[in-house]
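Take a look at the structure below.
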There are 2 protein chains.
Amino acid sequence: MAITLPAPREAARRRLLDVLRREGPLARVEIGQHLGMSPASVSDLTAGLLDEGVLVSEEAGDTGPVLIRGRPKVRLSFASDLGCVIGVWTGFNRIELRLVDSAGRNQASRHVERPLRSLGAEDLMDVLAETISTFAQDAGGPPVKAIGLACQGYVDTRDGVVAWSPVLGARDLPLAAGLNQRLGRPVVIENDASAMAFAIAQRDPALRSGRTACLMIGDGVGLGFLVQGELYRGARSGGSEFGHVRLRRSGPQCRCGGRGCIEAFLADYALHRDAQLIDHRPAPAVLIPSEDAMNAIVAQARAGDTALLNLFREAGEVLGDAAGILIQTLEPDHIVICGPGTRAMDLLRPSFEAALESQTIPELRSLATIHVVESSMDILTEGVVMQALREMDLDLARLKAA
Amino acid sequence: MAITLPAPREAARRRLLDVLRREGPLARVEIGQHLGMSPASVSDLTAGLLDEGVLVSEEAGDTGPVLIRGRPKVRLSFASDLGCVIGVWTGFNRIELRLVDSAGRNQASRHVERPLRSLGAEDLMDVLAETISTFAQDAGGPPVKAIGLACQGYVDTRDGVVAWSPVLGARDLPLAAGLNQRLGRPVVIENDASAMAFAIAQRDPALRSGRTACLMIGDGVGLGFLVQGELYRGARSGGSEFGHVRLRRSGPQCRCGGRGCIEAFLADYALHRDAQLIDHRPAPAVLIPSEDAMNAIVAQARAGDTALLNLFREAGEVLGDAAGILIQTLEPDHIVICGPGTRAMDLLRPSFEAALESQTIPELRSLATIHVVESSMDILTEGVVMQALREMDLDLARLKAA
DNA sequence: GATAATTATTTCCTTGCTCGAACAATAGCG
DNA sequence: CGCTATTGTTCGAGCAAGGAAATAATTATC
C-alpha cells in the first residue's frame, strides 16, 4: 500500500505543494510559471494529487465576474478534509499555540502562561501534551494530523531530540518521541530561531534566494541560516547556537553558565536585569520580563535616561559585532534582525552600525542587505507549522485516510 | 561545433571525471561503485568520453599476471595528450608554481622569491604572467591548457575578480581576465584558504562528507568551508574573510588596518613582529618572515622563553575562540587546522583547547572532530589546480584540439 | 446570436537518462 | 573441456519532462 514514488517525482511534488501553500490557490499554468515547468508536466503531477484527494479543483463560479476573455483558470487548492496541524512554541514561561489547516491558513491560536523550566523531563512532556490536546479540543474543527514544536536550544531535528536547552533545563531530551507517544501524532521539532527564519522567508521571496542569516532577538538570541530558502543543517541536523558565542571575555552572566555571550547583552532577560541593576534594585526573580516591563525600559531610555541609553548602546555594539562575524564568515546576501528585541532598534541602531562598519570589509559588508523585521513570537508557530506541513507533504494521502 | 550536453548528463560527467582523477585509473565497474550507478550507465557515459579522446583504455597487458578469474578489468584513464594545467599561489613575497597533467599527476614545481605588494595592478599582472610563462617554457612537456591561481583576500571566483586583498594591495582587480589576456589561456582564481581546504579534502574521504571548516594559518589566517566536499560559496561566490574577524577589541595591529583580528595574533608576520617587540628590537622591515626565522622563534619558545610562550599561549587562545565561533555558528563535522602555522601546534594546543572548551556547548563541540594537518603552502597549488581541472572538465575535448 | 479571439488544459509524441536482463568476453579451476 | 566468476556491452523498458497541436471554455465584438 505504501506507494514509493521515484526521487525526482517526489522532489517535484514537494516543490509543487510548497508553492501552492505559499501562494495560495493557483491554476496549473501559474504553477508552471512559478516552478519553471511546462503546463504539461504540471498537469501530469496534479493529476496524481487530485486523484489521491490531496488537491481539489476550485469551483468554477466562486471567483465572481471574469474580466479577461479566454478559458477561465481553474485554481487548485488543498482539499479541505486533509486535517490540521498544530504549531507550538515553548518559551521560558509561555506556550504559544496555533492551529492551521493543510493549506497553511490559520484557524485558531492561543497562548498559555506556564513556566516550564522547573519541570523534569517526563512532567515537561506531560504538560506540553496536555496543553496541546486541550487546545486541539477547544479549537474543534478538523482532526489534527501532526504537531510542529519550536523551542530554544540546540535541537536535533532529524532525530527529534533537544540536545541542549538551558531554558527547558534539558539535555538529550527525546521530545518528539515523547510527544508522539502521548499524542499519537507525528511531531516535528525545530530550533525557534530557525523556525522564525523559515517563516519570515516564506513571506519575502528575496530572502529565499541566496544566503540569509536571520538573527532573532527575544527571550534569547538565536540564528537561523537559510541557503536558497532551505534551512542550513549542521552535523546533527540542528541549527547553530550562535547566541552563545562569547564576544566579551569578561562580560555579563549568561543563563548558559558562561559570560559575555551575545545573548547576555541582547536578550530581554539580560536587558531587564541590567536595567534593574542600574537602579540598584535587586536582580529580578522572574527571568523573563513581561512585554510591558520591556516597553517601560525602552520608553525610559527614549526619554533620555543616560544609563539605560548606555545599556542599549553596548547591546547595539554587540549586535553589530555579531552581524559582522556572520558577514565575514558566511558572506550572506541578507542579514535579518527580527524578534521582539527589534522594539528597541532605534536605540540599538547607531552603535550597531558603527560596530558593523568598524569590523567588516566594505566589499563584503556591502553585499549584505540588512533587514529589520519587527516580529513577535507568534510568527514562530507559523514557521514550525510550515516545517511540519512540509514533512507531511509526502504522506498527505495516507494521513487523510488515518 | 559547441556540443551542449543536457544538464544531468553534464553533472554525471563531472562526477565521473572527479572520481577518476581522485582515485586514479578505474575499471567501469569500479566507477559504478564509486558513483552508485549501474555499469550500463557508466559504459554509456564513458563511451562518449572515449570517443572524444578524453579518456583512454589501459593496455591489456600492463597489469602483469591476473590473479582473479573472470573477464579482466579494463581500467580507464585520462588521455596523455590532453595537456597540462599550471597551479599558482601568490604569497606576499613568494610565488609557488606547479605543473600538473590532466589526470592530476604532478610534473614540475618551482617557487620564486618575488615581492608583489609594491606593484600596481598592471605591473602585478605583467609579473605574474611572465613568471608563469617562463615556468611553462622551462618545464617543457605538453602544452598548458589552463591556469589556476590561489591568492589571499576576498576573491570572486565566478567573475575572476580579486575584490579585496591587503597583500596584493588590490581592490576589484580583474585578475583572471588580465592573466587570460596576457597568457591566452583560461584562468581560474580562488581564495588560498579555500584552495587548501579543497586540496586537503581530496586526500581524506572523511572530510568530503558533512561540513568541514578548514582554518589555514600561515602568512595570514583564512577559512575554507566545505559542505559535502564542495566549497561553500557566499553572495559573491567567494569564501569568507574569517581571518579578519575582530576577536579582541583593542588587540594588535592587523595588516588590514584594523585591530585585534584573528590573524593579527596567529599569522607568521604577527608572531614574528611581536617576538621582535618582546626583545625590544625595532619592528622588522620584512613583513613576511622566512621559514627559518619562524622556526627559530618556535625553538626559542620550546626552550622555555616565557615571554614567547606567553605569545603562543595568547595565539592559541585566539585560535580556540575562532574554532569555537565556527562550531557555534556552522555546527561542523570537522574542524581542520592546517598551514605552516601548525608547526607550533604543540605550543598553541593547551590554550587552544582551554579556550575552545570554555566557550562551546559540549553537545556541539563533541560533534566536531578536530584535525591538525601539517601542510606547507605548496599543497595550495594542488588545490587550485584541482579547481582549474574541474572547470576544464566540460571542455576537455575542445581544449585538447586547441 | 454567430464568430473571432484568447487562454487553459490535455493528448500525444519525442528526447534523454538510467537501469535490469540477457549476452559476450575472458580467465582460473578442476 | 566444461564450469564458474567477473567484466563489459547491448537492448529494451520505465520514467520524467518538454513541445506541438488539438481541444475546451470562455468573452469580446460585430
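Residue numbers start from 1 in every chain, and the chains themselves are labelled A, B, ... in the order their sequence lines are given, proteins ahead of strands. As the structure is a computational prediction, the values presented were derived from the model and not from experiment.
The CG atom of B/Leu35 sits 10 Å away from the P atom of C/dC19 (whole-angstrom rounding). As rounded to whole Å, 12 Å separates atom P of C/dA8 from atom CG of A/Leu26. As a whole-Å value, the separation of B/Glu10 CD from C/dG16 C1' is 15 Å. Rounded to whole angstrom, the span from the CZ atom of B/Arg14 across to the P atom of C/dC17 amounts to 16 Å. Per the geometry, CZ belonging to A/Arg13 stands 11 Å off P belonging to D/dA16, to the nearest Å. Taking atom CZ on B/Arg71 and atom C1' on C/dA25, their separation rounds to 5 Å, with Å as the unit. Atom CD1 in B/Ile31 sits about 12 Å away from atom C1' in D/dG8, given to the nearest Å. A/Met37 places its CE atom 15 Å from the C1' atom of C/dT9, with the value rounded to the nearest Å.
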Criterion salt bridge (charged side-chain N to carboxylate O under 4.0 Å, His left out) on B/Arg75 and B/Glu30, from CA distance to verdict: CA-CA 9 Å; B/Arg75 278 176 232 277; B/Glu30 297 167 326; 3.4 Å; yes

A/Arg233 vs A/Glu190, salt bridge (charged side-chain N to carboxylate O under 4.0 Å, His left out): CA-CA, chis, key distance, verdict: CA-CA 11 Å; A/Arg233 301 275 178 202; A/Glu190 181 63 83; 2.9 Å; yes

Audit row: B/Arg390, B/Glu230, salt bridge (charged side-chain N to carboxylate O under 4.0 Å, His left out) steps and yes/no: CA-CA 12 Å; B/Arg390 278 160 54 101; B/Glu230 292 292 329; 2.8 Å; yes

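For B/Lys73, whose side chain is taken as the heavy atoms from C-beta onward, the closest listed nucleotide among C/dC17, C/dT9, D/dT7 is D/dT7. The side chain of A/Val29 sits closest to C/dA8 out of D/dG8, C/dA8, D/dA17.
At the heavy-atom level, A/Gly36 lies under 4.0 Å from the strands shown only through sugar-phosphate atoms.
The main-chain N or O of A/His371 is never found under 3.5 Å from a side-chain atom of A/His334 such that the two would form a donor-acceptor pair. The backbone N or O of B/Ser102 lies less than 3.5 Å from a partner atom in the side chain of B/Arg21, making a donor-acceptor pair. Proximity of a side-chain donor or acceptor of B/Thr212 to a complementary backbone N or O of B/Leu207 within less than 3.5 Å is detected.
For D/dT7, neither phosphate oxygen OP1 nor OP2 lies less than 4.0 angstrom from any side-chain nitrogen or oxygen of B/Arg28.
For DNA chain D, the residues of residues 38-48 of chain B within the heavy-atom distance limit of 4.0 Å (strictly under) are B/Ala40, B/Ser43, sorted by number.
Here A/Asp44 contributes atom CG and A/Arg9 contributes atom CZ; the two are 4.5 Å apart, rounded to the nearest 0.5 Å.
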